Protein chains: 2
Amino acid sequence: MGNLALEPLDRPEGMTTHEYAHRRLRQAIMVGSIRPGESLTIRGIAEAMESSPTPVREALRRLSSEGALRVLDNRRIMVPRMTADRFSELVSLRSVLEQHAARRAVPHITERRIDRLEEIDRAQDEAIARKDNANALLLNQEFHRTLYTANPEQVIMPMVESIWLQLGPFLGIAMEHVAQLYFVDRHQEAIAALRKRDEDAVASAIKADISEGIGGFEHAAIENLLRLAGQ
Amino acid sequence: MGNLALEPLDRPEGMTTHEYAHRRLRQAIMVGSIRPGESLTIRGIAEAMESSPTPVREALRRLSSEGALRVLDNRRIMVPRMTADRFSELVSLRSVLEQHAARRAVPHITERRIDRLEEIDRAQDEAIARKDNANALLLNQEFHRTLYTANPEQVIMPMVESIWLQLGPFLGIAMEHVAQLYFVDRHQEAIAALRKRDEDAVASAIKADISEGIGGFEHAAIENLLRLAGQ
DNA sequence: ATTTTGAAAATGTGATCACAAAAATAATTA
DNA sequence: TAATTATTTTTGTGATCACATTTTCAAAAT
């Protein structure tokens with residue numbers, strides 16, 4: 001049942017078992033440490049985290065509703081396989097979604113939050129420098145999340161995270177076959193635009209960040225990568 | 001625990017209990033037959049559909065991951081309350097999302113499917129004529145769903161449905177206080193644009209359909225409606 | 001050697017139970 | 001009468017069990 005070991009993740013007091021299972025599986029999927037096609041068994045996971053089938057099933061159901069997992073006809077649960085076409089759908093949707101999220105965040109952004117974004121970006125650069133891909137990925141997500149959640153009534157975040165969840169497993173594969181994942185980012189450009197409260201410029205920085213980041217994989221490159229990984 | 005009675009919904013052979021519970025609750029929420037603020041109890045629902053807590057809990061968890069339900073700190077589960085600001089977030093996101101979905105569907109649309117769209121639109125007009133709001137709503141959703149799922153690799157549909165789920169309870173309130181809900185739609189315009197495979201025109205028809213439909217509620221009108229409904 | 005058959009193990013599903021926390025109700029006090 | 005306390009009921013949670021289906025693996029047959 002895969003290395004959902006990752007890091008056991010601290011479990012805050014009062015957090016329910018199914019919540020913990022959900023968070024742990026979610027993070028494992030999002031940073032690509034569970035391979036597509038790998039099938040997950042309820043009992044296996046339950047045993048791995050020393051609990052029982054009931055809460056694990058609830059966690060798996062939630063993840064399937066979030067698009068992170070897929071239930072087959074035989075009721076087996078697995079991480080969906082990636083295809084070049086699906087990848088392209090995911091990336092184009094991500095671009096539209098996050099541009100919109102960024103625009104709607106601008107009117108609510110504070111200087112304090114922009115400072116926080118700079119910190120996160122710095123931390124991400126450090127993670128990249130020490131080739132710590134998993135943490136760089138996590139910090140990149142935190143950068144985007146911190147931007148979008150500036151909007152207090154925002155309802156888009158769960159959808160953005162759903163996209164991340166669906167792209168995660170592919171990133172896991174990519175990281176095994178490509179040395180550097182995020183050589184460039186457009187975060188500085190986004191920050192500059194935010195300081196000016198320039199919605200268009202922010203949206204365009206986000207668009208570029210995505211299209212030059214994960215969106216940079218071309219159709220043929222993806223098929224090669226998937227073949228290489230035995231998908 | 002509310003009239004999730006609605007219609008008991010036929011239960012296809014082989015459908016699991018939690019799946020059935022999920023579908024039934026989902027539909028009840030989507031057509032607005034469960035009021036915001038109304039709290040749902042696991043045992044209550046289980047009893048109402050003659051099953052047990054386990055599968056009902058799974059259904060509720062899925063719905064909470066889909067944005068349809070909210071778990072409070074006391075672990076109570078309820079339909080989220082609407083606010084004017086949240087409503088505006090939902091509608092603007094819906095517009096962006098569905099325009100994108102429509103654009104990506106155009107290259108895959110077939111004449112047969114366009115014919116099907118015309119049928120659905122006709123059926124919806126009939127439902128409107130006989131003031132059958134719930135079915136008109138369902139048929140409107142089927143129209144949009146049929147369009148977007150023309151794209152076989154589409155990953156956007158769960159997100160669109162999540163928006164519908166979040167708007168559903170408000171529609172239920174609106175239906176109690178407003179006579180006609182969908183006096184106009186832009187479906188014919190969308191169909192004409194589809195016949196010409198004109199992406200821009202299709203997107204613009206969908207945009208208008210949303211902004212003139214549910215998007216037509218103005219900030220003040222929403223606050224009035226919510227106050228009227230005792231929210 | 002490949003396929004088919006049969007037994008054993010693994011797995012998903014849902015009902016039930018025990019426990020703790022929360023809510024509702026009744027009893028008591030100010 | 002209103003507020004507070006105590007008791008009862010309701011509710012969410014998670015472990016366990018039984019059952020049916022599926023998968024796995026070994027033996028037998030073609």
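These numbers were taken from a predicted model, which means no experiment stands behind them. Within every chain, numbering begins at 1; the chains are lettered A, B, ... in the order of the sequence lines, protein sequences first and strands thereafter.
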Quick check on D/dT13: is either OP1 or OP2 less than 4.0 Å from any side-chain nitrogen or oxygen of A/His18?
no
All pairs passing salt bridge (charged side-chain N to carboxylate O under 4.0 Å, His left out) where residues 220-231 of chain B contributes a residue, at least two apart
none
Starting at atom CD1 of B/Ile77, determine the distance to atom P of C/dA22, rounded to an integer number of angstrom.
15 Å
Run the salt bridge (Lys or Arg N to Asp or Glu O under 4.0 Å) test against A/Glu153 and tell me which residues pass, sequence neighbours left out.
none
Give every pair of a protein N or O atom and an N or O atom of nucleotides 21-24 of chain D that lie under 3.5 Å apart, one pair per line with the distance.
residue: D/dT23; atom: OP1; partner: A/Asn74; partner atom: ND2; Å: 2.8

Between atom CZ in A/Arg61 and atom C1' in C/dT13, what is the gap in whole Å?
8 Å
Whole Å only: how far is the OH atom of B/Tyr20 from the P atom of C/dT13?
18 Å
Interatomic distance where CE belongs to B/Met78 and C1' belongs to C/dA22 [whole Å]
17 Å
Non-neighbouring partners of A/Gln154 that pass side-chain contact (heavy atoms from CB on, under 4.5 Å), sequence neighbours left out
A/Thr149, A/Asn151, A/Ile156, A/Met157, A/Pro158
Round to the nearest Å and state the distance from A/Glu13 atom CD to C/dA21 atom P.
10 Å
Grab the CD-P distance between A/Glu58 and D/dT13 for me, whole Å please.
7 Å
What ring-ring contact (aromatic ring centres under 6.0 Å, His included) pairs are there with at least one residue in residues 60-83 of chain B, not counting sequence neighbours?
none
Show the distances under 3.5 angstrom between N or O atoms of the protein and N or O atoms of nucleotides 15-18 of chain C.
residue: C/dA15; atom: OP2; partner: B/Ser52; partner atom: N; Å: 2.9
residue: C/dA15; atom: OP2; partner: B/Ser52; partner atom: OG; Å: 2.3
residue: C/dA15; atom: O5'; partner: B/Ser52; partner atom: OG; Å: 3.4
residue: C/dA15; atom: N7; partner: B/Thr54; partner atom: OG1; Å: 3.0
residue: C/dT16; atom: O4; partner: B/Thr54; partner atom: OG1; Å: 3.3

Are the charged groups of A/Arg81 and A/Glu38 less than 4.0 angstrom apart, N to O?
no
Does B/Arg75 have any salt bridge (Lys or Arg N to Asp or Glu O under 4.0 Å) partners at least two apart in sequence or in another chain, and if so, which?
none
Measure from CG on A/Leu60 to C1' on C/dG12 and round the result to the nearest Å.
11 Å
Is it the case that the side chain of A/Glu19 and the backbone of A/Thr16 share a donor-acceptor pair, with hydrogens and angles ignored and the cut-off at 3.5 Å?
yes
Test of understanding: with ring-ring contact (aromatic ring centres under 6.0 Å, His included), list the residues that count as partners of B/His22, not counting sequence neighbours.
none
Length of the CG-P vector between B/Asp73 and D/dT13, whole Å
12 Å
Sequence neighbours left out, what pairs pass ring-ring contact (aromatic ring centres under 6.0 Å, His included) with at least one residue falling in residues 81-104 of chain A?
A/Phe87-A/Phe170
